[in-house]
Number of protein chains: 2
Amino acid sequence: MIRDSRLSSVLHGLLHMIGAGEPVTSEQLARAMATNPVVVRRVMAGLREQGLVRSEKGHAGGWTLARDPTDITLAEIYRAVGEPTIVAMGHRSENPGCLVEQAVNDALGDTFREVEALFLKRLGAVTLDVLAKDFKRRLAKHKQSLEDQIHAIK
Amino acid sequence: MIRDSRLSSVLHGLLHMIGAGEPVTSEQLARAMATNPVVVRRVMAGLREQGLVRSEKGHAGGWTLARDPTDITLAEIYRAVGEPTIVAMGHRSENPGCLVEQAVNDALGDTFREVEALFLKRLGAVTLDVLAKDFKRRLAKHKQSLEDQIHAIK
DNA sequence: GTATCATGTAACTTCATACGTTACATGATC
DNA sequence: GATCATGTAACGTATGAAGTTACATGATAC
């Protein structure tokens, strides 16, 4: 099954925007995400409609975060990218007259709903800010590791 | 996103087999599931390899359950149909050098894994037998409802 | 023993949809 | 008005489940 990477993709872009401190162009985001500027605009358009980001045209234009990262949950971003399908499985038929199919759909449907609820709950518990801080930790660690290597050479 | 319906599909087939008490042909299963006999054989082949069902050729041939329904969990069936993708979302890249991508992948990856674990846990807690009993309850209720309608007419 | 019935399987088509790409319009800034 | 950026339509590409056709294999009935 092909997996939808819009959420992953847009989070990547948003973290880059937080790090930049100035408008980031679709071109720059596309390079960072190894994709196409049009794809970036397409997915960012959803975030703009929800008021999560702003876009400016012309010189020094590009994308900026419109709200405080401590206030944006991943759940909100998930909704803004169009609520992609969470569970990759489904029923054969949604309106079955067959009682066997009803029994199957009910049993699986309950599980699907539970799983989706857990997914949304977890996303709702994480803010963009948390991801940004995690990134900074990684960056600091990476820097330290490089410095250690330099010392080892001296 | 198109959803994989093999698990739903095969459960439907298995319940029909339990109800039948004699070998059920791919043709019959296909009719019940509104699909094609070849599709039925394809998905049932996985169950046969895991020893969950048997197939017989020739006259009075077809598919039969090979084990006690009280002993077969939905998790086992899920594995037998080839462990279809559970979460419909994924990362852009699995081996990122980019630290931003690592932070995103870790955060989302944890959630994905949690969700998958819950899914398997729920499937592991339900046996085929439970579904079959649920179906019988529905059948009895349906029958009662029809009888009530007959009485109302009299 | 052969006609029939059923599975086994390869090869192909179909379909949905995320993603990629091209092209051009619109608007902002220098 | 030249340039830079977004906005968007239109079309192409790739993937994988599902559907379909065709034929081989094996078991049973007669």
Side-chain angles (χ1 to χ4, degrees), chain A residues 1-10 12-13 17 20 22-31 33-49 52-64 66 78 81-94, chain B residues 1-10 12-13 17 20 22-49 53-64 66 78 81-94:
Chain A
M1 170 71 66
I2 245 173
R3 294 166 106 176
D4 188 317
S5 64
R6 279 177 293 177
L7 178 59
S8 162
S9 173
V10 88
H12 192 149
M17 283 166 53
E22 58 181 8
V24 184
T25 67
S26 305
E27 186 83 36
Q28 292 173 305
L29 289 174
R31 251 198 311 276
M33 295 149 67
T35 180
N36 191 290
V38 176
V39 174
V40 172
R41 289 187 198 118
R42 196 141 64 195
V43 71
M44 284 293 173
L47 301 213
R48 187 185 49 225
E49 280 167 24
L52 297 179
V53 298
R54 267 189 288 268
S55 61
E56 300 289 344
K57 292 180 177 177
H59 284 269
W63 301 88
T64 46
Y78 165 77
V81 295
E83 306 192 346
T85 303
I86 297 171
V87 176
M89 284 169 282
H91 309 315
R92 280 205 73 71
S93 138
E94 290 298 340
Chain B
M1 170 72 68
I2 244 174
R3 295 166 105 177
D4 188 318
S5 64
R6 280 176 294 176
L7 178 59
S8 161
S9 174
V10 90
H12 192 149
M17 282 165 54
E22 57 181 9
V24 184
T25 67
S26 307
E27 187 83 38
Q28 292 172 306
L29 289 174
R31 249 199 310 277
M33 295 150 67
T35 180
N36 192 291
V38 177
V39 175
V40 171
R41 288 186 199 119
R42 197 141 64 195
V43 71
M44 284 294 173
L47 302 213
R48 187 185 49 226
E49 280 167 26
V53 297
R54 267 189 289 266
S55 60
E56 300 289 345
K57 291 180 176 178
H59 284 267
W63 302 88
T64 45
Y78 165 78
V81 295
E83 306 191 345
T85 305
I86 298 171
V87 176
M89 285 170 280
H91 309 316
R92 279 206 73 71
S93 139
E94 291 298 339

Pairs meeting criterion side-chain hydrogen bond (donor to acceptor under 3.5 Å, both in side chains) with involvement of residues 34-43 of chain A, two or more places apart: A:Ser26-A:Arg41
Sugar-phosphate, base or nothing in reach of B:Arg92, heavy atoms under 4.0 Å: sugar-phosphate
Listed partners of B:Arg6 passing salt bridge (Lys or Arg N to Asp or Glu O under 4.0 Å), at least two apart: B:Asp4
Whether A:Ser5 side chain and A:Ser8 backbone form a donor-acceptor pair below 3.5 Å: no
What nitrogen or oxygen pairs link the protein and nucleotides 23-25 of chain D at under 3.5 Å?
{"unit_1": "D:dT25", "atom_1": "O2", "unit_2": "B:Lys57", "atom_2": "NZ", "d": "3.4"}

First encountered from the 5' end of DNA chain D, between B:Thr35 and A:Val24: A:Val24
Candidate nucleotides C:dA6, D:dT20, D:dA5, ranked by approach to the side chain of A:Thr25 - the nearest: D:dA5
Rounded distance in Å - CZ (A:Arg3) to C1' (D:dA17): 16 Å
Approximate separation, where rounding is to 0.5 Å, of A:Met1 CE and B:Ile2 CD1: 7.5 Å
Spacing of A:Leu7 atom CG and B:His91 atom NE2 [to the nearest 0.5 Å]: 10.5 Å
Between protein and nucleic acid, restricted to nucleotides 15-17 of chain C and to nitrogen or oxygen atoms under 3.5 Å apart, what atom pairs and distances do you find?
none

First of A:Thr85 and B:Ser55 reached from the 5' end of DNA chain C, by closest nucleotide: B:Ser55
Nearest non-hydrogen partners of B:Glu22 and B:Thr64, listed with the distance: C-CG2, 4.2 Å
Side-chain touch B:Pro23/B:Glu56, heavy atoms, less than 4.5 angstrom: no
Separation of atom NE2 in B:His91 from atom C1' in C:dC19, rounded to whole Å: 18 Å
Shortest non-hydrogen separation from A:Arg3 to B:Val87 and the atoms involved: NE-O, 3.3 Å
Atom pair distance, as rounded to whole Å: CE in A:Met89 and C1' in D:dG16: 15 Å
Residue mapping more 5' on DNA chain C - nearest nucleotide basis, A:Ser5 or B:Pro37: B:Pro37
Min side-chain heavy-atom separation A:Arg54-A:Trp63 under 4.5 Å: no
Protein-nucleotide distance (A:Leu7, atom CG; C:dC19, atom P), rounded to Å: 11 Å
Value in whole Å for how far the P atom of D:dT3 lies from CD of A:Glu27: 17 Å
Rounded distance (Å) that lies between atom C1' of C:dA28 and atom CZ of A:Arg54: 16 Å
Minimum heavy-atom distance B:Met33-B:Ser9, with the two atoms named: CE-OG, 2.9 Å
Nucleotide C:dA18, atom C1' - distance to CD of A:Glu83 in whole Å: 17 Å
Close N/O contacts between protein and nucleotides 9-14 of chain C (under 3.5 Å):
{"unit_1": "C:dA11", "atom_1": "N6", "unit_2": "B:Arg42", "atom_2": "NH1", "d": "3.4"}

Between P of C:dC19 and CG of A:Leu29, the distance in whole Å: 16 Å
Listed partners of A:Thr85 passing side-chain hydrogen bond (donor to acceptor under 3.5 Å, both in side chains), at least two apart: none
Exercise: identify the closest heavy-atom pair between B:Pro37 and B:Glu27: CG-OE1, 4.0 Å
